[in-house]
Amino acid sequence: MTVVPANAGLSVRGLARRFGPRWVLQRVSLEVPAGGALMLVGPNGSGKTTLLRCLATALKSHDGVATFDGRDLWTERRELRESIALLSHATALYDDLSARENMVVWARMGGMNVDVDALLARVGLPDTGTRPARAFSAGMRRRLALARALLKSPRLVLFDEPFTALDPVGRDMLGSVLRDIRATGATLVLSTHHPEIAGPYCDTAARLEDGKIVWRGLPADAPVVMGET
Amino acid sequence: MISLPHLASLPVTPGQLTGLLAILTIVLMNISRGRAWYHLPSWEHAFGLVGLSLLVDGQYLGLIDAPREAMMGETGRIMYVHVPSAWLTMVVFLFTCIFAVGFLLTGKRVFDLLVESTTEVGIILSILLQATGMLFAKPTWGVYWDWDPRLVSTTVMMLSFMGVLSLRAALDDAERRATWTSVGAILATTSMGVTYMSVRWWRSIHQMQSSPDTIAKPMVLILRINAFAFLFLSIWLIARRWRIADAQARMDEAPPLPPEVTV
Amino acid sequence: MNWILRVPAVVSKELLIEWRERSRVSSLLFYSFALLLMVAFAMPDVRMLGDIAGGALWLGLLLASTRSLDQSFRVELENDSLEGMVLWPVDPLAVFYGKALANAFVLILVAAVITPLLGVLYHPSWHGQPWALAAVIVLGCAGIAGPGTLVASLTAQARGSSALLPVLLFPLVVPVVMASARTTILLFQGDPMGQVDNWLVLLLIFNVVHWSLDGLLFARVVEEAG
């Protein structure tokens, strides 16, 4: 039996990050309980990706603390990375390899024993044979990147605009994947420009603007700003 | 031929004169700008003053007072520039490596800025070293350049540090730049030893390294004076360069973080 | 020490990518071959070629290495796979040794192809032991690939990387080029003074220093990827 710490889940207090002379994140605070799901909305350049990359331990924050299950994300990043999955615009795919080879390569590097073909079927990638990922359409690349992220069995899932470039069938597939992830008890943070699509899979929502949280509430109440969706 | 008097017979040494003139200039500038007459903008100028005086006296001693070198004649006098610059090149690059390790261990910005300033000053010194070495080599060996271990390994080291500077110039992100140039500086310094050893095996005709025992006593003193002059002037240059780098870093710094807005 | 177990996975990934993009390796071979030809054209007398064969071989390998090393990180940066590996997490040491071993392997492959060509084109005499030549090629290629992998990781993300890589790498591998070329020349022309062993020891020391130090430095480099 695993002991669940009192401060289980994701806790972010006053997180700040600068790039050169600009503060891209200006003291962001968030609480996502274990198993909870948070939807981040906000215009381009508001800091959503930077926030997710800080939470994924890809970036060091310059101020504030972020903990997951009571453990500091940066100082204990080596241990925590095992249980964090990030799906971002940078797909981390090898364009010269086929879909299946990409999966096998990443599974092997992570020492994961997973049915690769089942995962590819799960994300709805038809058999692409030896076709290199370079030749894939944007939607297919997103699906493959998703399948790669699913190789891990994470407890903190960070999805950066996962619905982009997916067709309606793909969105349904992603929805059911999100439901499955939540059923495992993992904590989810996703950013999106489509609150009406992503909202049903999340419990809470927050809006980032200019590196600051300007609104918190329920996904269904997320403010719709002209020109952002 | 004009013969200049020995230093000991002069009422005031040229170095003291230069130092006094420099102090006078500072005082006059201070008065004209309405500051206290003894105002010194920053501590490193004291090193600069002492270094300048020592350099003038050291070079006077080397060029005029010192006896003709037995083997190399008047040409041997270039030694009073060549040898100190060789010593200081090593010292300064050694400090580059120490600062680089310091940065990788602590992550403090001051170490990164010092890596940058010592690298630049080290390159200036090694260019001086190469130039005087070549001028020295032409009359003694008959060629400007020879494939001698110390010559080759210092040139290779200079090239490595120039590479580090190019790398620095090609990186935009300050944190990345700091770490990566530190790594480059450590590589450049550590490779020095193996390069020296391999070139020595490869080919050697350079004279044995001079040590105080192999040089005449008065020459040792003159070399030491010049070495201290170079040391003080290097400290002055490094500190000046560091201040520029620091000002630049402060300019690129993000403004203080505004307080958190809670919603 | 768990990271050692991941090294084969990284090596096999590197080699799989090289295999899928075989055209890159073959253009590397043509490049080295063309270099051997051009060196010959630049010489005043073809009868000199036998004497300089050892030097030409290592010049060719060094120049070929700058292309393959740069390429090895281009692949990683296309979609930020390098960061993907760090976050996966694959230990940075496993990433370094995996990539360095694969880079060394590619170089050794190039050497294995162009050395016979060198024999045909340059007519060097032969007084050495085949095992000694094999040892020089392995140690020399490893000596270029070890520091080369670290330097390429620094320059690949900088502006103008393809020019920067040689600027940083060449001074670093002076001992390797010197020792490998000298040994190869001695193996071709005979070694009356018995110097080959000394040079091999030097190559060995260089490799030990760089293959242990560079991995630690690489770990710092990729940790700063943010």
Practice prompt. Would you indicate whether Phe105(C), at its atom CZ, is surrounded by more than 12 heavy atoms from other residues, nucleotides or ligands within a distance under 6.0 Å?
Written response: no

Discussion item. Check this for me, if you would: do Glu78(C) and Arg134(A) make a salt bridge, where the nitrogen-to-carboxylate-oxygen distance has to be below 4.0 angstrom?
Written reply: yes

Worksheet item: With a 4.5 Å heavy-atom cut-off, do Pro132(A) and Arg20(C) have their side chains touching?
Response: no

Item to complete: Please look at Arg77(A) and chain C and tell me whether the side chain, the backbone, both or neither of the residue comes under 4.5 angstrom of a heavy atom of that chain.
Response: side chain

Worksheet item: Mind checking whether Glu76(C) and Tyr94(A) have side chains closer than 4.5 Å, heavy atoms only?
Response: yes

Item to complete: Tell me, out of Gly84(C), Pro8(C), Gly98(C), Ala94(C), who's got the most heavy-atom pairs with chain A below 4.5 Å.
Response: Gly84(C)

Fill in: Among the listed options Val75(C), Leu16(C), Val90(C), the residue most often paired with chain A at heavy-atom distances under 4.5 Å
Leu16(C)

Discussion item. If you count heavy atoms of other groups shown closer than 6.0 angstrom to CZ of Arg67(C), is the number above 12?
Written reply: no

Discussion item. Please classify the contact of Leu80(A) with chain C as side chain, backbone, both or neither, using a heavy-atom distance under 4.5 Å.
Written reply: neither

Worksheet item: Most heavy-atom pairs under 4.5 angstrom with chain C, which of Ala90(A), Ala85(A), Cys54(A)?
Response: Ala90(A)

Practice prompt. For chain C, find which of Leu86(A), Leu97(A), Thr130(A) contributes the most heavy-atom pairs closer than 4.5 angstrom.
Written response: Leu97(A)

Practice prompt. Keeping the roles fixed (side chain from Arg6(C), backbone from Met109(A)), state whether a donor-acceptor pair exists under 3.5 Å.
Written response: yes

Discussion item. Side chains of Arg24(C) and Asp96(A), heavy atoms from C-beta outward: is any pair under 4.5 Å?
Written reply: yes

Discussion item. For chain C, which candidate among Glu82(A), Lys152(A), Arg108(A), Met112(A) shows the most heavy-atom pairs at distances under 4.5 Å?
Written reply: Lys152(A)

Item to complete: Decide, yes or no, whether a salt bridge links Glu223(C) with Arg81(A) under the criterion of side-chain N to carboxylate O below 4.0 Å.
Response: yes

Worksheet item: For chain A, which of Leu82(C), Asp80(C), Val7(C), Val95(C) has the most heavy-atom pairs under 4.5 Å?
Response: Asp80(C)

Fill in: Greatest number of heavy atom pairs closer than 4.5 Å to chain C - which of Asp95(A), Val105(A), Leu151(A), Val104(A)
Asp95(A)

Worksheet item: Heavy-atom distance under 4.5 Å between the side chains of Ser88(A) and Glu83(C), does that happen here?
Response: no

Worksheet item: Quick one: does Trp88(C)'s side chain have a donor or acceptor within less than 3.5 Å of a partner on Trp106(A)'s backbone?
Response: yes

